[in-house]
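I have placed the structure first, in the form of structure tokens, so that the comments after it can refer back to it.
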Amino acid sequence: MSEEKKKDFIREAIDADIAEGRFDGRVHTRFPPEPNGYLHIGHAKAFGLNFQIAEDFGGKCNLRFDDTNPTKESTEFVDAIIEDIKWMGYDWEDRLFYASDYYETLFDYAMQLIDAGKAYVDDLSGDEIREYRGTLKEPGKPSPWRDRSPEENRTLFQEMRDGKHPDGSKVLRAKIDMASPNINMRDPVMYRILRAHHHRTGDAWCIYPMYDWAHGQSDSLESITHSLCSLEFEDHRPLYEWFLENLGIYAPRQIEFARLKLTNTVMSKRKLRTLVEEGVVDGWDDPRMPTLSGMRRRGYPPAAIKDFLSRMGVAKRDSVIDIAQLEFSVRENLNKNAPRVMAVLKPLKVVITNYPEDQVEHFTAINNPEDESAGTRELPFSREIYVETTDFWEDPPKKFHRLGPGREVRLKHAYYITFQEAIKNDAGEVVELRCTYDPESRGASTPDGRKVRGTIHWVSVPHAKDAEVRNYDRLFLTDAPDTEENWQESVNPDALETLQGAKVEPSLAEADPGSGYQFMRHGYYALENKPTSGDKLIFHRTVPLRDSWGKTQKKS
RNA sequence: UGGGGAGUCGUUCAAUGGUAGGACAUCGGCCUUUGACGCCGAGUAUCUAGGUUCGAAUCCUAGCUCCCCAGCCA
């Protein structure tokens, strides 16, 4: 289906490179996450693009952790990132790398620049460096240490590595141009002294490369042909090229694209981390989060996420995509793949007064009308059933095709029943319904072919299984909370609704953790994928069914 | 107002000098043993002003608006 789809500007650029014979026609990409948080759907756009392009062009894609800041990184994040990318169906084979694999090489490269008089050790403090850097309009001025000799720089830099200087006392900087209009070129810091335990190199190093110094060389070392990254690195490109050129090593082509943003959520790692740390959500994998682990738990199929991403395409313009677009892809996927089951979320007991007291019948139900191969299952039916509380209305509007005074409805797969009486408690609340059924309507249609407009779902009381159902809504009430000063005030307090007393059909007792279903007339739900205590079933609402009835109701 | 980017329906992606199109969203209608799905239909867009051209979203000029950059973060 995506065959006729227009190629994006990146693929066009790669086509052109191949046509020219650039990189000998090779295509080799990479996804370079920093292991300082969980991956979200924005990252999925980035790694999906890299892996997909490699696949489409018959090339390869590496996974490389850009682990240059040990104070923020951990193996927990490394493991989570690996799990998420695998879940999305991508494979880097044996090409799993870390920037920390290259620390030694990077150190040697730095020495090369020092020897060439293109890097120097600076004793200025952090504040001073900032002052000397100038502003967006004013050029910077050279550090007093800028003209140290290569010999002295070599000695000092070695001492930095050997731990002879305290944290923050010195840095290694590239000697480029303090007056450059591009601030990234004003003698950027290459190394800082940082006595921090690294998740892979342990305490072997007390100096760590800056991302800008590590990134381009890492791509070079891996013979990457196309370094795809987001827009904000556009003006770092000249710096990366400067490093590569002055080192005299292989240079990839960097192409920048716009990050993915979604409405009604936040996407920055800092904000996601805040939500986790302040307990606004239960963790990185809370189903309300835009993280891949959250979406997995919530029941979003990887294929639906991929479909969404391919529909969105890739461009350079800043955009915020309506989250409804994602939900569309999820619904479309689940509509084809999710088995239909009946679940009563807010149960109301119905006694079918003319149905034999101890009788149990079984009806054959189609598992998925969209997929014949999904087969059928047997549904037990008895005198007492649960129906949805909202499927009864004492004083219904005209177009309410459900239970109410004098109304007959179809019980999906079973019988027609007609409302007779509502039993109320002392508070006047309806606690039970009395109905009669038409034995002629077995299988939910009658010989006389009469029309019954309403069809409702139900669960047999003695066969029902208990379940907890968690209904999710948008995490934020506003379109772009990311741009708001007090963004946390836009958190949707009703983003989670927990229903404790749900009753579901017995077949669900055998459901696999993480598997998805359509609760008919409600939405798509996924069984909790984490170990739970007790035998209660916990379902997460993946996405509700579209509801034109609810929509028209709201209008009136 | 230094440098780097970007402006096309409500949203997003296309149209690469030749009829501005798709998807989502919205609004109608049909269908229905899920008020789902499906089907049919509708409306709404080229940032502005000039210029080149038979013809401009596309090329030129001048503006305007938005995003990114002054971490020893990535």
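Numbers restart at 1 for each chain; the letters A, B, ... are given by sequence-line order, proteins then strands. Owing to the predicted nature of the structure, the values given are computational and were not obtained by experimental measurement.
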Checking base pairs now: Watson-Crick or wobble, both atom distances under 3.5 Å. What partners B:rG41? B:rC27

Within the 4.0 Å heavy-atom criterion, would you say A:S548 contacts the bases, only the backbone, or no part of the nucleic acid? sugar-phosphate

Residue among A:Y525, A:F519, A:Y472 satisfying ring pair (Phe, Tyr, Trp, His ring centres under 6.0 Å) with A:F539: A:F519

Strictly by Watson-Crick or wobble contacts shorter than 3.5 Å, is anything paired with B:rU19, and which nucleotide is it? none

Lys/Arg-Asp/Glu bridge criterion (N-O < 4.0 Å) met for A:D122, A:R148: no

Looking at B:rG35, B:rU12, B:rA74, which one has an atom nearest to any side-chain atom of A:K399? B:rG35

B:rA62: pairing nucleotide in any strand, Watson-Crick or G-U under 3.5 angstrom: B:rU48

Name the nucleic acid region contacted by A:P139, choosing base, sugar-phosphate or nothing; use a 4.0 angstrom heavy-atom cut-off, strictly under. nothing

Does A:T263 reach a base, just sugar-phosphate, or nothing at all? Heavy atoms under 4.0 Å. nothing

If you count every heavy atom of other residues, nucleotides or ligands that lies below 6.0 Å from A:K271 atom NZ, does the total exceed 12? yes

Counting side-chain heavy atoms from CB outward, which of B:rG35, B:rC73, B:rC24 is closest to A:A324? B:rC24

Where the side chain of A:E234 is defined as all heavy atoms beyond and including C-beta, which of B:rU12, B:rG4, B:rC72 is the nearest nucleotide? B:rG4

Test A:D67 against every option in A:R200, A:K72, A:E34 by the side chain to side chain contact (heavy atoms under 4.5 Å, CB included) rule and name the one that passes. A:R200

Between CZ of A:F519 and P of B:rC37 the distance, given in whole Å, is 18 Å

Classify the nucleic acid contact of A:Y191 as base, sugar-phosphate or nothing, counting any heavy atom under 4.0 Å across all strands shown. nothing

So what does A:R402 touch, heavy atoms closer than 4.0 Å: a base, only the sugar-phosphate, or nothing? base

Which part of the nucleic acid does A:A315 contact within heavy-atom distance under 4.0 Å: base, sugar-phosphate only, or nothing? sugar-phosphate

Over all strands shown, is A:V171 touching base, sugar-phosphate only, or nothing at heavy-atom distances under 4.0 angstrom? base

Would you indicate what A:T135 reaches in the nucleic acid, counting non-hydrogen atoms under 4.0 angstrom: base, sugar-phosphate, or nothing? base

